[in-house]
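Quick note on labels: first sequence line is chain A, next is B, and so on, each numbered from 1. None of the values given here were measured: they were computed from a predicted structure.
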There are 2 protein chains.
Amino acid sequence: MTTTDVLRRFNRTYTQRIGALDESFLGLGLPLGASRLVFEIGEAGATVRDLRARLGLDSGQLARQLRRLEDDGLVAMEPDAADRRRRTVRLTAEGRAFRRRLDDRSEQLAERLVAPLTTRQQERLTEALATADLLVRAATVDIRSVHPASVEAKRAVQSYFDELDERFPTGFDPGDHHDDEHMAPGTGAFVVASSDGEPVACGGVQALAPAMGEIKRMWVHPGWRGAGLGSRLLRHLEHVSADLGHRVVRLDTNGTLVEAIAMYERAGYRHIERYNGNPYAQAWFEKDLTDARR
Amino acid sequence: MTTTDVLRRFNRTYTQRIGALDESFLGLGLPLGASRLVFEIGEAGATVRDLRARLGLDSGQLARQLRRLEDDGLVAMEPDAADRRRRTVRLTAEGRAFRRRLDDRSEQLAERLVAPLTTRQQERLTEALATADLLVRAATVDIRSVHPASVEAKRAVQSYFDELDERFPTGFDPGDHHDDEHMAPGTGAFVVASSDGEPVACGGVQALAPAMGEIKRMWVHPGWRGAGLGSRLLRHLEHVSADLGHRVVRLDTNGTLVEAIAMYERAGYRHIERYNGNPYAQAWFEKDLTDARR
DNA sequence: GAGAACCTCTGACTAAAGTCAGAGAATGAC
DNA sequence: GTCATTCTCTGACTTTAGTCAGAGGTTCTC
């Protein structure tokens, strides 16, 4: 059986048996769509814009649904302080109570579903689903080029720095890295991979010399490792670098990042001499892009 | 993370990313429901009754959908020869062509979904989904008591006999087993586990002596082993036996059925002396039900 | 062969979801 | 300051899905 066979077979099993998890939202007085909406708004609230993107609804449709929830006293809406074209939606106390009821229902149904399985089988199921979840999410990650000064880029880079600071024995001080400008479109590129709007990986390319690129700020969210996201991003960055006219690409890394080093080696990078003054770097790599160019 | 957490998280991932597999049915001129119906009818055709059960549709709803498909020239309907209350639905040439287009779409979407993954990752995904599929199916199997002379029981028992005939070096001859009457409600019981209308496991209980039951015809479909269905069925039969007033239950088995023997031992059965003249039996077991009683 | 049970279909609905054009306010770019 | 763009909302639909009672056949049971 091929992957697609299994996937499609699973899809059938799924819609027939687990798909009912969604239907647990029924019977509490709201239609399915409205319940999903309450669930999606969440404890923290959300902007109308976000909801539309996440649920893939027509704007008119969503506006009507929200008004109904407002009339029912489940949500309160107010203009977004930062951008007054937007409106933020927040659950009222009543709305939160309703959401909790939805949550309970869903939980009960999930429990009932797995109840016939032994503990051992439940563990196997958990493991299988977690694996499938990670891989499916990884496969559907959205890889996009953004400006290094954009909010998305900054958030991703911040996560990267935070992790370095934790992992390096001496901590990590990014200095005032105005050099991010080098990764702006034109001379370089910055790429963010995101899932559900959260950055899960990033990386940039800048020019070191004519026809020579450098990959920097490469990072994969800890919860997303082991799904091949790093290699995919690396390959992507190599293509970007090649498109910028580079024939060779270099990068440096710290010795504590052993997984990263292993990945670079697997990807065809070879160790070279120190080529920069980065105080945190302990290994330097180079790869010829001319034959990797698809 | 508990099993239900993972299940529910996966449910979200699923509806957002793979759920679109269903939507691949859209955009070919028929609404989703009608497309699903064409797909479900399949190359072989089906009875209206079957379709209603499989898709969980209201009979009026289904009748209308079918008539629409008939008007569109995609299906042809005729009374069932065996039971003229029923009607069988069959795809016309045009209907089959349409179904193939649906199939292609779905396949393409599945391919596109897994394309970003490496071969190794695709294998992991396949394995994880297959495991999840088996376990979810096993968890949602429908275990029901039926009359041993019913069609369902006979089909399951036939599968059992066929397998014995294959596995025993000397083949297997059931003889004329009028003794199935002993498993009729009142003195005994016969249980069939089915999934999507197909029997996947069965087993019966009959009385050997006052307060002593015997478990017979226990079988699990080969494709369903390793999901704990056997143990679950065995436990179920023990309860049935106990409900019939038995304090002890016995069973016999052939030496070639090594998985079965291991299962009986795990379930607390102990080997005893031959207690019957079954020529195919090579191992005899007994279990005290008085302390196992739920 | 009478009556219960079963299967499918029609009619008459209601509810939910989805579509599309465009109005009105806020913001960003020049 | 003007103009294009963005965001949300309203109105006026159409389509799809789902519900329920009951008619009109067929088959099973005794």
field: d(CZ, B:Arg49; P, D:dT26) in whole Å
entry: 18 Å
task: Indicate, with a heavy-atom threshold strictly under 4.0 Å, whether B:Asp83 touches base, sugar-phosphate, or nothing.
output: sugar-phosphate
message: Taking 4.0 Å as the cut-off, does a side-chain nitrogen or oxygen of B:Arg52 come that near to OP1 or OP2 on C:dT8?
response: yes
message: Please confirm whether the shortest side-chain N or O distance from B:Gln61 to OP1 or OP2 of D:dG18 is below 4.0 Å.
response: yes
- prompt: Can you check the B:Glu70 CD to C:dT8 P distance for me, whole Å?
  reply: 14 Å
- prompt: Is A:Leu62 touching bases, backbone alone, or none of the nucleic acid, heavy atoms closer than 4.0 Å?
  reply: nothing
- prompt: Which pairs, with at least one residue in residues 134-146 of chain A and sequence neighbours excluded, count as a salt bridge (Lys or Arg N to Asp or Glu O under 4.0 Å)?
  reply: A:Asp133-A:Arg137, A:Arg137-A:Asp196, A:Asp142-A:Arg144, A:Arg144-A:Glu152
- request: Let me know which of B:Gln65, B:Arg101, B:Arg99, B:Arg96 forms a side-chain contact (heavy atoms from CB on, under 4.5 Å) with B:Val38.
  value: B:Arg99
- prompt: Where the side chain of B:Ala63 is concerned, which of C:dG18, C:dT10, C:dA26 is the nearest nucleotide?
  reply: C:dT10
statement: Between the CE atom in B:Met77 and the CG atom in B:Leu69, the distance rounded to the nearest 0.5 Å is 9.5 Å
message: If you only use heavy atoms from C-beta on, which nucleotide in D:dC9, C:dT27, D:dA17 is closest to the side chain of A:Ser59?
response: D:dC9
Earlier contact from the 5' end, DNA chain C, for B:Met77 and A:Asp80: B:Met77
field: A:Ala81 vs A:Arg68, nearer the 5' end of DNA chain C by closest nucleotide
entry: A:Arg68
- request: Quick one: pull up CE in A:Met183 and CZ in A:Arg217 and give me the separation to the nearest 0.5 Å.
  value: 4.5 Å
- prompt: Which of the following nucleotides, C:dA17, C:dT27, D:dC7, is nearest to the side chain of A:Leu32?
  reply: C:dA17
- prompt: Quick one: on DNA chain D, does B:Gln65 or B:Ala82 contact a more 5' nucleotide (nearest heavy atom)?
  reply: B:Gln65
- request: Tell whether B:Arg64 reaches the base of D:dT19 with its side chain through a donor-acceptor pair below 3.5 angstrom.
  value: yes
task: From the options D:dT27, C:dT8, D:dT16, select the nucleotide whose nearest atom is closest to the side chain of B:Arg84.
output: D:dT27
Nucleotide nearest A:Arg85 when distance is taken to its side chain, options C:dT10, D:dT26, C:dT27: C:dT27
Among C:dT19, C:dC9, C:dA17, the one nearest A:Pro31 by side-chain distance: C:dA17
- prompt: Could you give the CG-to-C1' distance, from B:Leu57 to D:dT19, as a whole number of Å?
  reply: 13 Å
- prompt: Are B:Asp103 and B:Glu107 close enough, and set up right, to give a side chain to side chain contact (heavy atoms under 4.5 Å, CB included), and what steps lead you there?
  reply: CA-CA 6 Å; B:Asp103 197 54; B:Glu107 183 70 21; 5.6 Å; no
- request: Determine whether any donor atom in the side chain of A:Arg87 lies under 3.5 Å from an acceptor atom in the base of D:dT6, or the reverse, and answer yes or no.
  value: no
